[in-house]
**Student:** 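Provided herewith is a single structure, encoded as structure tokens, for subsequent inquiry.
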Amino acid sequence: MLAKESVKNFDEQLKKYADYVATQIAKTIEVAGGGRPSGYPQEHKAQNYVIEHMTPVADEVRTEEFKLHPKAFMGWVLIDGICMLITALLLIIYFFIAPIKGLVIVSLILTVISVACILGEFLFYKEFLDPLFPEREAKNVICTRKAKGETKRRIIFSGHVDSAWEWRYTYLGGGRLLTTIIAIGIVCLVVDLIIVILAACGLFTTWFLIIGRIFAIITIPAMILIIFFMNWSICVDGANDNLSGVFASMAVMQFLNDNDIRFENTEVVSISMSSEEAGLRGAKDFAKRHAKEFADSGVETICICTDTLRDFDDMGIYNKDMSGTVKLDAKTAGLVKEASHLAGLDLPYANVFFGSSDAAALAQGGMKACCLAAMDPTPARYYHTRLDTADNLDKRTIAAGVNTLLEAAFLFDEKGLDY
Ligand SMILES: [Zn+2]
């Protein structure tokens, strides 16, 4: 059976669930008191609200607590900015005042630390800098609707409840300014690496001296910009990113409950995931706890993460993630594509080319996962800024997302991954 055949006036119902998602987003922001940094009291308040709200709807609502270092993930930006600023100052002394080799050696060490931070913490989402930052406790909220008979399949929907600290340049100048600043930062880092290696090797020609002097001077204002990249005084509301994903996932469970639909052999799980903005820590914890258990149980299990249902024209299914370095599960992504076709959308595959979704952490942890998202990749001005509020939602996109998730649930129940 298709989701659209499971009830009368399905289209009317979709509108109702888009309203439901929008209402719950506004309520959660109100209850939490605005932005929800990973592991902070505001995120706990939001998770407690989800528990309270879903307890009458799901068969079981449980939490899984874990520890994390919330500021480590984006803290690398500050560390890199400071390391590179010191490097530039040392190079100014080296190229303008006294070519002492020790200055170059210290610069090289600082540059290597900067490269390691960007690769380890940001590009590959390793817990590289975590011990340097304060620890907090966070929790995932897991809501389950059991199968009528024996459980042979399990479909997991998830969205992340936490929100990001503001990205200053997206707010000030939109995606173009953001990408320009990021590009300047990366170019400075690469050129710096080349210059300090050549200087350490003893190169000191006239041309090298000129280039080194120009580079050292340019790097100072560039690194001051990088140091102010994050606005740690504002945690954004995150209405689209990603309460839209949380409540689109919860809407599936709500729909099944409201219409008294219970699959014969498929268990449905909706998760309000914590700490995505802190480096996918909630999804990492979930995969660590359950990947083996799910694989050993013989219950065919797939995960569909939903992130930022906002920009209709950019809606797509991620089959690659983590800046293109992680392949998501092709069969699960294919199922969502087929579901989108059934929902009348026929969504394209897409790729997270800068950053990551929870699906990457689940896939790396050994689970079958993909991600449904509708986010302008430029990115849009609301992305990680104070403009991501409950009055900046797009119900058409939310309805399309819920429609796709519902069709995916029904399709998976009927055919598994042999669709
Ligand atoms: Zn985000």
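Residue numbers count from 1 along this sequence. Read the numbers this way: they start at 1 and go in the same order the structure lists the ligands and their atoms.
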**Student:** So, D307 and the Zn ion (ligand 1): N/O/S under 2.8 Å, yes or no?
**Tutor:**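 So D307 does not count as coordinating the Zn ion (ligand 1).
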
**Student:** If I take atom NZ from residue K152 and atom CG from residue D413, how far apart are they, to the nearest 0.5 angstrom?
**Tutor:**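 So the gap between those two atoms works out to 11.0 Å.
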
**Student:** Does the Lys NZ or Arg CZ of K337 fall within the cation-pi geometry relative to Y349 - under 6.0 Å from the ring centre and within 45° of the axis?
**Tutor:**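 Pair K337/Y349 counts as cation-pi.
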
**Student:** Do we get K331 above Y419's six-membered ring, with its NZ or CZ under 6.0 Å from the centre and within 45° of the axis?
**Tutor:**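 Yes, K331 sits over the ring of Y419.
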
**Student:** Would you name the N/O/S atom of D241 that lies closest to the Zn ion (ligand 1)?
**Tutor:**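 Considering only N, O and S atoms, D241 comes nearest to the Zn ion (ligand 1) through OD2.
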
**Student:** Could you check which N/O/S atom of E277 is closest to the Zn ion (ligand 1)?
**Tutor:**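 Minimum-distance N/O/S atom of E277 relative to the Zn ion (ligand 1) is OE2.
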
**Student:** Do the side chains of D59 and R262 get close enough for a salt bridge, i.e. N-O under 4.0 angstrom?
**Tutor:**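 Answer for the salt bridge query: yes.
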
**Student:** Any N/O/S atom, side chain or main chain, of H384 closer to the Zn ion (ligand 1) than 2.8 Å?
**Tutor:**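 Short answer: yes, at least one N, O or S atom is under the cut-off.
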
